[in-house]
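I have placed the structure first, in the form of structure tokens, so that the comments after it can refer back to it.
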Number of protein chains: 2
Amino acid sequence: MQRTLSDISYSAEEIDLAAMAKALSHPVRIRILRLLAGETCCFTGELTELIPMAQSTISQHLKALKEAGLIQGEIDPPKVKYCIDREQWAKARALFAEFLKLDGRAGCC
Amino acid sequence: MQRTLSDISYSAEEIDLAAMAKALSHPVRIRILRLLAGETCCFTGELTELIPMAQSTISQHLKALKEAGLIQGEIDPPKVKYCIDREQWAKARALFAEFLKLDGRAGCC
DNA sequence: TTAGTTCATCGTAAATATACGATCAATCAA
DNA sequence: TTGATTGATCGTATATTTACGATGAACTAA
């Protein structure tokens, strides 16, 4: 009778925040987001040139970011153009800001 | 000749941000931080009462949070009092805020 | 000393994440 | 049609994460 995550009921906010954080939890994904948010590029091909990792690995990380909703992919044959999803990005900013406002002001320590 | 993370040089900011995000990437750790930041409690024992998980598992998550620097533990025999580490907490807030300011204003999409 | 309390650590099983090369599907150009 | 390019997906090996129960260490109280 193994106890699993499903036995604990998390709020939507806890789940969303954890999912966003998970998407940001690998340095190469931070790097990718930075590049996508920067002025320079939006194409996958450019990412594979800038990041010394196998193309399949980068594609895998892009998938993770897409599933977290942080980026969008737009097909522009034969390439794919990726961009920050501004709406979700704003939501992430709000979630993290709200959460990190808590600073233990109760002061029990 | 497997290529690994060590072949890519990440900035300190990328590494720090990813590490913070990793610490926040599990809903139960979000829950724990919320409880510690709240007015109600700081003791491990209270956490094990409030969270339906094995004591060893909670201890493991506390360790992860401590290693990320987000919390501090203070021995108060026979208990241990955990608190938010305000300094690191502020650093996290700054890092996330700075990073999430990027919103793709380049507008290539 | 003995027993109880509190929490960390160990050992372990199962799930997930991360990396790679190989291959497939879609599109464009010759 | 054929070949080239682009990027997703598959298969797979390894590492890490996550959960548990059992045990150990530190301290208090009887």
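Note on naming: letters A, B, ... go to the chains in the order of the sequence lines (proteins, then strands), and numbering restarts at 1 for each one. No experiment lies behind these values; they were computed from the predicted model shown.
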Query raised in the report: Does Lys91(B) pair with Asp16(B) as a salt bridge, N-O distance under 4.0 Å?
Result: yes
**Report entry** Lys22(A) vs dT16(C): side-chain N/O to OP1/OP2 distance below 4.0 Å
**Finding:** no
Query - Residues which pass side chain to side chain contact (heavy atoms under 4.5 Å, CB included) with Glu13(B), listed by chain and number, not counting sequence neighbours - result: Arg34(A), Ser11(B), Leu95(B), Glu98(B)
Requested in this report: Please identify each residue that fulfils side chain to side chain contact (heavy atoms under 4.5 Å, CB included) with Ala18(B), with sequence neighbours left out.
Outcome: Pro27(A), Ile30(A)
Can you tell me how far [atom2] of [N] sits from [atom1] of [X], to the nearest Å?
X: His26(A); N: dA15(D); atom1: NE2; atom2: P; result: 15 Å
X: Ile75(B); N: dC27(D); atom1: CD1; atom2: P; result: 8 Å
X: Asp76(B); N: dA8(C); atom1: CG; atom2: P; result: 13 Å
X: Leu65(A); N: dT18(C); atom1: CG; atom2: P; result: 11 Å
X: Glu67(A); N: dA17(C); atom1: CD; atom2: C1'; result: 13 Å
X: Leu24(A); N: dT18(C); atom1: CG; atom2: P; result: 12 Å

Got a list of protein N/O to nucleotides 6-11 of chain D N/O distances below 3.5 Å?
unit_1	atom_1	unit_2	atom_2	d
dT6(D)	O3'	Pro78(A)	O	3.4
dG7(D)	OP1	Val80(A)	N	3.1
dG7(D)	OP2	Gly45(A)	N	3.1
dA8(D)	OP1	Tyr82(A)	OH	2.4
dA8(D)	OP2	Ser59(A)	OG	2.6
dA8(D)	N7	Gln55(A)	NE2	2.9
dA8(D)	N6	Gln55(A)	OE1	3.0

Query raised in the report: Is the His61(A) ring parallel, tilted or perpendicular to the His26(A) ring (thresholds 30°, 60°)?
Result: tilted
